[in-house]
Amino acid sequence: MMKKILIVEDDRGLNDGLVYDLQEEGYEVCSALTASLALELFRMQEMDLVLMDINLPDSDGFTLCSRMKKRKDVPVIFLTARDLEQDEMRGFDCGADDYITKPFSMVLLHKRIRAVLKRAGGNQEQKVYSDGYLTADFDTANVSLDGKALPLTPTEYKLMKLFIDHRGTVLTRQMILERLWDVNGNFVDEHALTVNIGRLRGKIEKDGHKYIKTIYGMGYMWEGERG
């Protein structure tokens with residue numbers, strides 16, 4: 001699956017250059033010139049890695065990194081001209097996974113990105129989900145509800161797994177549609193998505209158990225069992 005990288009860099013020329021280069025390397029890339037836009041994109045979309053400058057017009061990278069890490073532990077690499085040791089130490093203290101000073105080699109950047117993504121890759125998907133009521137074993141594709149086998153259609157199963165893998169994160173309808181479109185051209189359209197989410201809710205949200213929250217105007221979020 002294509003990895004998605006968020007670039008936070010207020011130098012428009014460098015920002016555009018990084019976007020182009022990383023797209024050529026096969027990554028999906030989005031970018032921001034400010035911390036506020038970066039945080040909005042981070043909240044709305046599922047990112048695999050963030051490349052971040054420290055000096056930003058409306059905040060600083062240290063603060064932005066800390067705020068992102070509190071929301072979700074996505075790898076962060078600082079790209080900055082600040083080469084003092086105390087800045088580098090502060091970067092790692094706020095949760096950065098790597099720290100690269102400008103100017104930098106693109107070849108080296110590619111290697112550092114691959115290394116960070118490889119280290120983070122082992123924790124992207126959950127093999128078993130269980131809250132005592134709903135249990136899903138994604139290795140065997142078995143799902144049970146209150147100890148009884150629960151039959152799901154292939155689309156309902158993929159939809160539930162997508163929500164669980166990204167629980168606590170808002171998934172827009174477009175993001176869900178893109179993830180459910182497979183390599184064989186089988187896809188779910190807007191109407192079918194609504195129907196499948198409704199059916200999945202009907203099967204797993206029984207006796208007061210709630211899992212899928214509608215975020216009006218944005219999409220959906222798996223909030224899990226609340227009691």
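Keep in mind the model is a prediction, meaning the values are calculated, not measured. For reference, positions follow the sequence shown, starting with 1.
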Quiz item: Partners of Thr63 by side chain to side chain contact (heavy atoms under 4.5 Å, CB included), sequence neighbours excluded?
Solution: Ser59, Asp60, Arg67
Exercise. Please identify each residue that fulfils side chain to side chain contact (heavy atoms under 4.5 Å, CB included) with Pro151, with sequence neighbours left out.
Key: none
Practice problem: Check ring pair (Phe, Tyr, Trp, His ring centres under 6.0 Å) between Tyr220 and all other residues, then give those that pass, not counting sequence neighbours. | Solution: none
Self-check item: Of all pairs that satisfy ring pair (Phe, Tyr, Trp, His ring centres under 6.0 Å), the ones with a partner from residues 3-31, not counting sequence neighbours
Solution: none
Quiz prompt | Qualifying ring pair (Phe, Tyr, Trp, His ring centres under 6.0 Å) pairs with a residue from residues 49-72, counting only residues at least two apart or across chains | solution = Phe62-Phe78
Just to verify, what does [X] make a salt bridge (Lys or Arg N to Asp or Glu O under 4.0 Å) with, not counting sequence neighbours?
X: Arg173; answer: Glu190
X: Glu28; answer: Lys4
X: Lys69; answer: Asp73, Asp97

Exercise. Run the numbers on His110 and Asp21 for side-chain hydrogen bond (donor to acceptor under 3.5 Å, both in side chains), then give the verdict.
Key: CA-CA 10 Å; His110 296 160; Asp21 179 84; 2.6 Å; yes
Practice problem: Check the hydrophobic clustering (I, L, V, M, F, W, Y; side-chain heavy atoms under 4.5 Å; chains of links allowed) and say if Leu37 and Met68 are grouped together. | Solution: yes
Quiz prompt | Partner set under side chain to side chain donor-acceptor pair (under 3.5 Å) for Asp58, not counting sequence neighbours | solution = Ser36
Exercise. Tell me, please, which residues at least two apart from Thr214 pass side chain to side chain donor-acceptor pair (under 3.5 Å).
Key: Arg201
Can you give the donor-acceptor pairs under 3.5 Å from side chains of residues 138-150 to other protein atoms, not counting sequence neighbours?
| residue | atom | partner | partner atom | Å |
| --- | --- | --- | --- | --- |
| Thr140 | OG1 | Asn142 | ND2 | 3.0 |

[X] atom [atom1], neighbour heavy-atom count above 12 within 6.0 Å:
X: Glu40; atom1: CD; answer: no
X: Lys102; atom1: NZ; answer: yes
X: Met218; atom1: CE; answer: yes

Quiz item: Any salt bridge (charged side-chain N to carboxylate O under 4.0 Å, His left out) pairs touching residues 80-96, not counting sequence neighbours?
Solution: Arg82-Asp87
Self-check item: Ionic contact status for Arg199 with Glu156, cut-off 4.0 Å
Solution: no
Quiz item: Does Ala32 offer a backbone N or O that forms a donor-acceptor pair with the side chain of Asn15 under 3.5 Å?
Solution: yes
Quiz item: Which of these passes side chain to side chain contact (heavy atoms under 4.5 Å, CB included) with Tyr99: Leu79, Thr80, Ile77?
Solution: Thr80
